[in-house]
Amino acid sequence: SAVYEILIGGLVKAGRVEEAFKLFGELKWKGDVPGVSTYCLLIDSLRKASEIDTACKLFQEMEKSGCSLDVVAYNLGIDLLGKAGKIVEACKLFEEMEKKGHKPGIISYSVLIDGLAKAGRIEEAYVVFNKMKDSGCVMDVVTYTILIDLLGKSGKVYEALELFYEMTKRGDTPDVVTYSSLIDGLAKSDRIDEAYELFLDMTQKDCTPNSVTLNTLIHGLFKAGRTEAASKHFEEMGRWGCVPNTIVYNTYIDGLGKSGNVKDACFLFGKMEKNGCVPNVETYNILISGLGSVGEVVEAWNLFEEMEKKGLSPDVITFTSLIHGLGRAGEEGAAYKILQVMEEKGCIPNIVTYNALINALGKAGKVKEAYKILDEMRARGFSPD
RNA sequence: CGGCGGACCUAUCC
């Protein structure tokens with residue numbers, strides 16, 4: 001059994017996850033109970049592959065298997081539950097950990113704070129934060145970054161900046177993730193100049209920007225209307241040893257479209273595949289939305305068909321973009337039909353979809369139909385605004 | 001001894 005576990009560990013680290021799971025199955029087949037660390041290793045490999053649900057199931061299996069969880073296992077579980085949108089369960093697991101006599105460590109607090117923040121439960125995140133400080137835990141770079149990100153995303157960049165200075169004063173060195181988070185927070189609060197200064201600051205401190213940093217910056221520059229600066233940074237990514245990936249292309253295509261260069265956006269769309277970047281649902285959504293916003297509904301529809309042909313599943317954003325574009329083009333009848341098309345495909349409209357359709361009908365003077373949709377959305381439990 | 005935590009892209013109206 002110990003041999004199996006060592007082999008499984010080796011396979012996971014070598015990226016041969018399938019083989020690892022095969023061995024794991026054999027191990028259990030023989031009636032052995034895998035150890036906590038083996039479970040955790042496998043659960044974590046699922047988490048890294050974004051297979052959150054499967055990871056949760058394996059976690060439950062571990063709980064039932066009777067092996068007693070240690071702090072690392074609890075940390076993993078709290079993180080998984082948070083990422084699966086089950087933040088209440090995550091909090092319960094945290095309490096269970098304490099009840100069973102395991103003292104939460106810095107990682108325990110960090111994952112819970114991050115989970116709460118991403119679930120929008122900012123107040124509770126602060127409560128856990130204060131508890132962490134009272135417990136005497138020493139914050140590290142990751143904890144600081146989680147807090148800086150949280151503050152930036154909840155409109156408190158000033159406090160994020162204060163934390164940033166506090167950590168440097170304490171001798172903690174911000175890394176590329178810390179910088180990227182703060183640059184994003186500043187840019188999204190329309191403080192692009194400070195964001196840019198921070199970008200320069202990190203390069204002077206030999207903290208090399210990566211593609212996330214550059215994407216964040218490009219996004220911020222577009223948002224501030226600095227199209228040329230954005231393009232410059234896109235073209236000069238190689239300076240930092242980076243090549244644009246699909247997300248960067250998406251940001252750039254979107255920025256071009258929104259700044260009135262839909263033609264260039266389409267040109268880049270053609271180029272991205274040649275550069276080895278596979279367009280995803282977001283790419284198509286960006287283009288469909290961009291084309292619809294300038295009245296090119298036929299082109300938008302063609303792309304919709306193209307994405308389906310490629311096996312990409314249109315989502316609620318795709319359909320809402322189509323509805324908006326058609327409404328804008330005075331084709332409210334077609335916009336209405338999209339609602340049916342999406343339902344047939346099993347895509348549930350949301351409040352944004354209904355707003356787009358009601359606007360389309362209203363603009364066309366079809367007040368009765370608009371009210372009908374309003375009733376439908378109420379019947380579905382949406383409250384109009 | 002080993003296994004766990006952080007940042008980036010898309011839709012309506014405002």
Side-chain angles (χ1 to χ4, degrees), chain A residues 5-6 8-9 12-13 35-45 47-48 70-80 82-83 105-115 117-118 140-150 152-153 174-185 187-188 209-220 222 244-255 257-258 280-290 292-293 315-325 327-328 349-360 362 384-385:
Chain A
E5 305 211 35
I6 290 167
I8 291 170
V12 170
K13 274 169 209 151
V36 207
S37 60
T38 304
Y39 265 113
C40 288
L41 201 62
L42 290 168
I43 292 169
D44 186 50
S45 73
R47 195 195 72 86
K48 291 205 171 92
D70 62 9
V71 178
V72 173
Y74 275 111
N75 291 347
L76 237 185
I78 295 164
D79 185 44
L80 273 178
K83 290 195 165 64
I106 184 65
I107 298 187
S108 317
Y109 284 111
S110 298
V111 292
L112 190 58
I113 292 172
D114 190 50
K118 294 203 164 100
D140 61 14
V141 189
V142 177
T143 317
Y144 271 111
T145 304
I146 290 170
L147 293 167
I148 286 169
D149 186 55
L150 176 170
K153 285 189 169 57
D175 63 13
V176 62
V177 181
T178 319
Y179 274 105
S180 302
S181 302
L182 192 50
I183 289 172
D184 192 45
K188 291 202 169 120
N210 61 20
S211 61
V212 176
T213 322
L214 295 168
N215 185 58
T216 306
L217 183 66
I218 291 166
H219 188 270
F222 270 124
N245 55 25
T246 298
I247 295 186
V248 178
Y249 269 107
N250 287 351
T251 301
Y252 195 48
I253 291 171
D254 185 53
K258 288 200 168 93
N280 57 17
V281 175
E282 276 112 336
T283 318
Y284 279 96
N285 288 350
I286 286 164
L287 284 160
I288 288 170
S289 165
S293 299
D315 60 15
V316 64
I317 298 185
T318 320
F319 292 113
T320 305
S321 302
L322 281 170
I323 289 172
H324 175 241
R328 212 199 82 100
N350 63 21
I351 184 80
V352 182
T353 318
Y354 283 117
N355 280 342
L357 186 55
I358 290 168
N359 280 336
D385 52 20

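Heavy atoms only: backbone and side chains are in, while hydrogens, waters and symmetry mates are out. Numbered from 1 within each chain, the chains take letters A, B, ... in sequence-line order. Every value quoted in this text rests on a predicted model; they were computed, and no experiment measured them.
Taking 4.5 Å as the limit, some side-chain heavy atom of A:K153 sits within range of a side-chain heavy atom of A:D184. Side-chain contact check for A:K83 versus A:K118: every heavy-atom pair is 4.5 Å or farther apart. Counting heavy atoms from C-beta on, the side chains of A:L147 and A:I113 come closer than 4.5 Å.
Between the CG atom of A:N355 and the C1' atom of B:U12 there is a distance of 5 Å, given to the nearest Å. Between the P atom of B:U12 and the CD1 atom of A:I323 lies a distance of 12 Å, rounded to the nearest Å. One interatomic measurement links the two molecules: CG of A:N285 to P of B:A11, which rounds to 9 Å at whole-angstrom precision. Spacing between atom OH of A:Y249 and atom C1' of B:U10 amounts to 18 Å, rounded to whole angstrom units. The distance between atom CG of A:L217 and atom C1' of B:C9, rounded to the nearest whole Å, is 14 Å. Atom NE2 in A:H324 sits about 13 Å away from atom C1' in B:C14, given to the nearest Å. Rounded to an integer number of Å, the gap from A:L322 CG to B:A11 P is 14 Å.
Put simply, CG on A:N215 and CG on A:N250 are 8.5 Å apart, with the number rounded to the nearest 0.5 Å.
In this structure, the side chain of A:S45 engages the main chain of A:L42 through a donor-acceptor pair within 3.5 Å.
Interface remark: the A:N350 side chain does form a donor-acceptor pair with the B:A11 base, using a distance-only criterion of under 3.5 Å.
A:Y144 meets the ring pair (Phe, Tyr, Trp, His ring centres under 6.0 Å) test with no other residue; sequence neighbours excluded.
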Where protein sits on nucleotides 3-8 of chain B, one letter per nucleotide: B base, S sugar-phosphate only, - none, heavy atoms under 4.0 Å: BBBBBB
